[in-house]
Amino acid sequence: MEDGHCNSADQCVLLFSTDWFRPYYCLLGLRVLAGEEGRFVEAMRAAARELIGQENDYFETDFGDARILKTKKHWLDALATFTSSAVPPALLDSEGHSLAERRRARDEIVGDHHSGWDELMAAHPASLRQSDWDEWIASITAAVPDYLRAFAWSRGFDPSDRH
């Protein structure tokens, strides 16, 4: 569910523009074409710069439908250009994939890398500030690094999975 201050296109653009998250693409099912990672990141950065515009705070940006649709178009265009799929991976597409489909995708990723999601997250701590760009992303609001990390990690974990 998306609201005015939480939409997955913004989160994906901001997250995939960072340097700190590059090693974790596969954890969300994103596979950038060989040799295209740099161009993909630059496309995400251009979209992030446009998203933020002249604001100094992410939560002060325009959250109108036109801007959100434009950011979503940038995200989908980058997927079509720089990945083998023109649609978001299941874990990044809560609108196009059911919870059961996202769980299956998550379990396949976890199975390829580790024995369980908790082990996977413990094995992949993220340092959020690896470059000047990452510093800029962190500066657009103090909440953005935790906001993005929580978004990324939440794609693979659903609290209802724990019994």
Side-chain angles (χ1 to χ4, degrees), residues 1-106 108-109 126 128 130-159:
M1 179 168 66
E2 296 181 344
D3 64 36
H5 290 322
C6 179
N7 73 78
S8 61
D10 283 5
Q11 292 165 322
C12 289
V13 163
L14 293 170
L15 182 67
F16 291 111
S17 78
T18 66
D19 292 309
W20 72 265
F21 198 72
R22 284 187 195 196
Y24 309 109
Y25 286 7
C26 66
L27 303 183
L28 296 180
L30 185 71
R31 306 239 189 293
V32 177
L33 296 171
E36 296 294 336
E37 187 176 283
R39 292 180 62 208
F40 173 74
V41 169
E42 284 306 313
M44 294 295 90
R45 289 180 178 181
R49 283 189 291 271
E50 186 171 323
L51 184 165
I52 300 303
Q54 299 301 310
E55 299 298 334
N56 292 320
D57 186 320
Y58 168 71
F59 295 105
E60 297 297 321
T61 61
D62 174 10
F63 284 95
D65 290 342
R67 201 280 302 151
I68 290 172
L69 287 173
K70 190 177 218 180
T71 301
K72 187 172 185 175
K73 182 179 180 339
H74 286 307
W75 165 237
L76 295 175
D77 287 350
L79 289 176
T81 303
F82 302 112
T83 73
S84 59
S85 175
V87 297
L91 286 177
L92 295 174
D93 185 13
S94 58
E95 295 171 17
H97 293 86
S98 70
L99 178 57
E101 290 171 319
R102 292 192 319 272
R103 283 180 178 158
R104 264 194 307 281
R106 180 214 46 217
E108 287 173 14
I109 292 167
L128 297 176
Q130 296 184 2
S131 66
D132 289 343
W133 178 265
D134 291 0
E135 290 286 339
W136 180 76
I137 289 291
S139 77
I140 59 177
T141 188
V144 165
D146 288 336
Y147 176 67
L148 293 178
R149 186 189 337 232
F151 167 74
W153 283 187
S154 73
R155 299 293 92 181
F157 174 73
D158 180 65

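Values in this document were obtained by computation on a predicted structure and should not be read as measured data.
- Contact annotation: the side chain of Leu15 approaches that of Trp20 to within less than 4.5 Å [non-hydrogen atoms, C-beta and beyond].
- The side chain to side chain donor-acceptor pair (under 3.5 Å) check on Asp77 picks up Lys73, with sequence neighbours excluded.
- Asp57 places none of its side-chain heavy atoms less than 4.5 Å from the side chain of Ile52.
- Between the CD atom of Glu50 and the OG1 atom of Thr71 there is a distance of 7.0 Å, given to the nearest 0.5 Å.
- Figure legend: Arg67 and Phe63 shown as a cation-pi pair, the cationic atom lying under 6.0 angstrom from the six-membered ring centre and within 45 degrees of its axis.
- Residues Ala78 and Met44 come closest through the heavy atom pair CB-CE, 3.3 Å.
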Q: Go through Phe21 and Val41 one step at a time and tell me if the side-chain contact (heavy atoms from CB on, under 4.5 Å) criterion holds.
A: CA-CA 11 Å; Phe21 198 72; Val41 169; over 6 Å; no

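- Contact check for Asn56 versus Ile140: no side-chain heavy atoms found under the 4.5 Å cut-off.
- Counting only N and O atoms by type, the side chains of Trp133 and Thr18 include no donor and acceptor under 3.5 Å apart.
- Considering all non-hydrogen atoms of both residues, Trp136 and Arg49 come closest at CH2-CA, 4.5 Å.
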Q.
What verdict does the side-chain contact (heavy atoms from CB on, under 4.5 Å) test give for Phe40 and Thr81, after you've listed the backbone C-alpha separation in whole Å, the side-chain angles of each residue and the deciding distance to 0.1 Å?
A. CA-CA 8 Å; Phe40 173 74; Thr81 303; over 6 Å; no

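- Of all heavy-atom pairs spanning Ser17 and Ile137, the tightest one is OG-CD1, 3.7 Å.
- Taking every heavy atom of both residues into account, Leu14 and Ala48 meet most closely at CD2-CB, 3.9 Å.
- Between the NE2 atom of His74 and the CG atom of Asp10 there is a distance of 11.0 Å, given to the nearest 0.5 Å.
- A salt bridge between Lys72 and Asp65 is absent, with no side-chain N of the basic residue lying under 4.0 Å from a carboxylate O of the acidic one.
- In this view, Glu36 and Val32, Leu33, Arg39, Phe82 satisfy the side chain to side chain contact (heavy atoms under 4.5 Å, CB included) rule, not counting sequence neighbours.
- Ring planes of Trp75 and Phe16: parallel class, angle under 30° (limits at 30 and 60°).
- In terms of heavy atoms, Leu51 sits closest to Thr61 at O-CG2, 3.6 Å.
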